[in-house]
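When a ligand or atom number is given, it counts from 1 through the structure's own listing order.
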Amino acid sequence: MTDTTLTDSLDERARELDREHVFHSWSAQANPSSLVIASGRGARVWDHAGREYLDFSSQLVNVNIGHQHPSVVQAIREQAELLTTIAPSTVNLARGEAAKRIVAHAPSGFRRVFFTNGGADANENAIRMARLHTGRDKILSTYRSYHGNTGAAVVATGDWRRVPNEFARGHVHFFGPYLYRSEFWAETPEQEGERALQHLRRVIEAEGPSSIAAVLLETIPGTAGVLVPPPGYLAGVRELCDRHGILLILDEVMCGFGRTGRWFAFDGHDVRPDLITFAKGVNSGYVPAGGVIIDEPIAATFDDRVFPGGLTYSGHPLAMASIVATLDAMASEAIVDNARDIGDTVIAPALADLADRHEVIGEVRGEGVFWAMELVADRGTREPLPAAAMGRIKSALIERGVLPFVQDNRIHVVPPCVVTADEVAEAVAAYDEVLGTALEGEN
Ligand SMILES: Cc1ncc(COP(=O)(O)O)c(C=O)c1O
């Protein structure tokens, strides 16, 4: 067998095993993906045969530091030699170092971190802390949100994934700001922000403020469409929470750790949460990890009272070592600054130029390496581009060697924070080519 046939056959073998034995998330199983990824580096991944793709999805918007960052891989290797696992009740140096680095990016007063295996259980435990701290039950969150796939996290979710999983009590939803498809007949960001706050105020009053433990928000709803809130909205939510003794939980699972060009997305919004949930970018998912950063008054609730929650792998050494190395590399290599600069100077103008030239783009919005292009069949009516056309766009981008993040009628432009200007130009050329024919057959 030649080398090429050998590598081709590895790709085929991977597909065959997958078809036979793997059950996939959020999918009907009869229609499997055929995309094989064997390895990667930076913003690129490839299959066994060496067919390369530019990763403008960061997988599930988690590989902020890029694929296979050498110092993170090395740290995992070294930790594996030293100690691969240990119970959460023990004291472990890597865990303390990871927690110290995480709180260093949080507002002053945040001192402690509860570690989880990912984002859903981070939200799950933040909700539990809020309920125990306040003695209240209800959690308010937005319809356009995703908070994870566990009991309370999936019921806090606003999108379709909640409905088939809605078994838990105490969750109420409201509409957050989204000017392009305003629920409030707004025409300016100021109107949208003010009216969304008025709507939330009414929901709180109607639900009974003293029954509400927390408002849980993605600082910037991500999967829902990179919905950057208008100036003043999050500060207004904070004010409403303060008025009624309600806690504010900000879900930074997708938007945190560099994605927006800031360490936390809320750093740009004049708001101080009570609990911050994180996962994804904290170690780019090299080892599954997430957690809750806890403000002192809430942490103090559990000084003498048992916190009734835990996980076998809370603070897992391999995850902790990867967090330490990730956050050190992100700081020393100015990776968050790169996300900001490339967003401001390269991605923003390139997407604005695409929107000028392609009728199919209804709106472009975002910051850092966190953008969405909303595609419409008609700019006047803003009718979303149908699923079949979105499917064709996705396949055409993959054929051109770009891995896109396609959600509903949007392409999310979400490369790793280490992406270069040349890589952005390469992806934009592919978007340009594909969007040129996107409306064919639609009108
Ligand atoms: C904002 C947000 N919160 C929570 C989650 C759930 O994280 P995980 O899949 O690690 O449980 C996600 C996942 O996409 C997310 O985007």
Side-chain angles (χ1 to χ4, degrees), residues 24-27 57-64 102 113-130 139-162 165 168 171 173 176 178 214-229 234 248-260 262 264-266 269 273 275-293 309 311 313-314 316 319 322-323 326 366-372 405-408 410 412 414 416:
H24 285 272
S25 318
W26 308 116
S27 313
S57 66
S58 298
Q59 299 306 294
L60 290 181
V61 201
N62 62 289
V63 191
N64 291 11
I102 290 166
V113 180
F114 177 71
F115 285 106
T116 63
N117 302 330
D121 42 348
N123 285 320
E124 200 76 34
N125 282 283
I127 288 170
R128 190 177 310 185
M129 286 172 193
I139 302 295
L140 265 54
S141 51
T142 64
Y143 283 107
R144 295 190 188 90
S145 65
Y146 181 64
H147 295 292
N149 180 38
T150 54
V154 81
V155 186
T157 291
D159 71 24
W160 68 271
R161 289 173 282 196
R162 162 175 51 98
N165 293 303
H171 289 269
H173 292 83
Y178 178 16
V215 172
L216 164 63
L217 291 178
E218 288 180 72
T219 309
I220 298 177
T223 315
V226 191
L227 308 175
V228 182
L234 291 172
L248 177 60
I249 308 172
L250 288 182
D251 178 340
E252 290 263 339
V253 168
M254 185 179 279
C255 60
F257 290 101
R259 179 93 356 229
T260 60
R262 303 181 291 277
F264 286 114
F266 66 76
H269 287 269
L275 295 163
I276 304 160
T277 57
F278 66 91
K280 299 194 189 251
V282 71
N283 66 349
S284 288
Y286 282 30
V287 181
V292 188
I293 316 174
L311 300 150
Y313 306 131
S314 174
H316 190 280
S322 67
I323 290 174
T326 299
E367 50 190 9
V369 286
F370 200 30
W371 292 82
F405 188 102
V406 173
Q407 183 71 33
D408 303 324
R410 300 177 303 273
H412 292 200
V414 283

Quick one: nearest non-hydrogen protein atom to [atom], plus distance?
atom	value
atom 5 (C) of ligand 1	Val253 CG1, 3.7 Å
atom 3 (N) of ligand 1	Asp251 OD2, 2.7 Å
atom 11 (O) of ligand 1	Ala120 N, 2.8 Å
atom 14 (O) of ligand 1	Lys280 NZ, 2.8 Å
atom 2 (C) of ligand 1	Tyr146 O, 3.2 Å
atom 7 (O) of ligand 1	Gly119 CA, 3.3 Å

In terms of atom number and element, which parts of ligand 1 are under 4.0 angstrom from non-hydrogen atoms of [X]?
X	answer
Met254	16 (O)
Gly118	10 (O)
Glu218	1 (C)

>> Checking Arg128 now: which residues fulfil side chain to side chain contact (heavy atoms under 4.5 Å, CB included) with it, not counting sequence neighbours?
In response: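 Side chain to side chain contact (heavy atoms under 4.5 Å, CB included) check on Arg128 returns Asn125, Leu132, Phe307.
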>> Do the side chains of Glu218 and Arg144 get close enough for a salt bridge, i.e. N-O under 4.0 angstrom?
In response: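 Looking at Glu218 and Arg144, the cut-off is not met.
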> Is any side-chain heavy atom of Glu252 closer than 4.5 Å to a side-chain heavy atom of Phe266?
Replying inline: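 Counting from C-beta outward, Glu252 and Phe266 do come under 4.5 Å.
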> Hey, is Asn123 touching ligand 1 through its side chain, its backbone, both or neither, going by heavy atoms under 4.0 Å?
Replying inline: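 Looking at Asn123 and ligand 1, just side chain atoms fall under 4.0 Å.
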> Any protein heavy atom lying closer than 4.0 Å to atom 9 (O) of ligand 1?
Replying inline: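 Looking at atom 9 (O) of ligand 1, one finds that no protein heavy atom lies closer than 4.0 Å.
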> Among Ile139, Ile127, Thr157, whose side chain to side chain contact (heavy atoms under 4.5 Å, CB included) with His147 holds?
Replying inline: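 With His147 as partner, Ile139, Ile127, Thr157 yield a single side chain to side chain contact (heavy atoms under 4.5 Å, CB included), made by Thr157.
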> So, Asn64 versus Arg259: side-chain donor-acceptor pair below 3.5 Å or not?
Replying inline: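 The criterion, which ignores hydrogens and geometry beyond distance, is satisfied for Arg259 and Asn64.
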> Within a radius of less than 6.0 Å around CG of Leu60, do more than 12 heavy atoms belonging to other residues, nucleotides or ligands occur?
Replying inline: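 Incorrect, the count does not exceed 12.
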> Roughly how far apart are Cys255 SG and Ile220 CD1, rounded to 0.5 Å?
Replying inline: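 So the gap between those two atoms works out to 5.5 Å.
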> Closest approach of Met254 and Thr223, non-hydrogen atoms and distance?
Replying inline: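 The pair with the smallest heavy-atom distance is CE-OG1, 3.5 Å.
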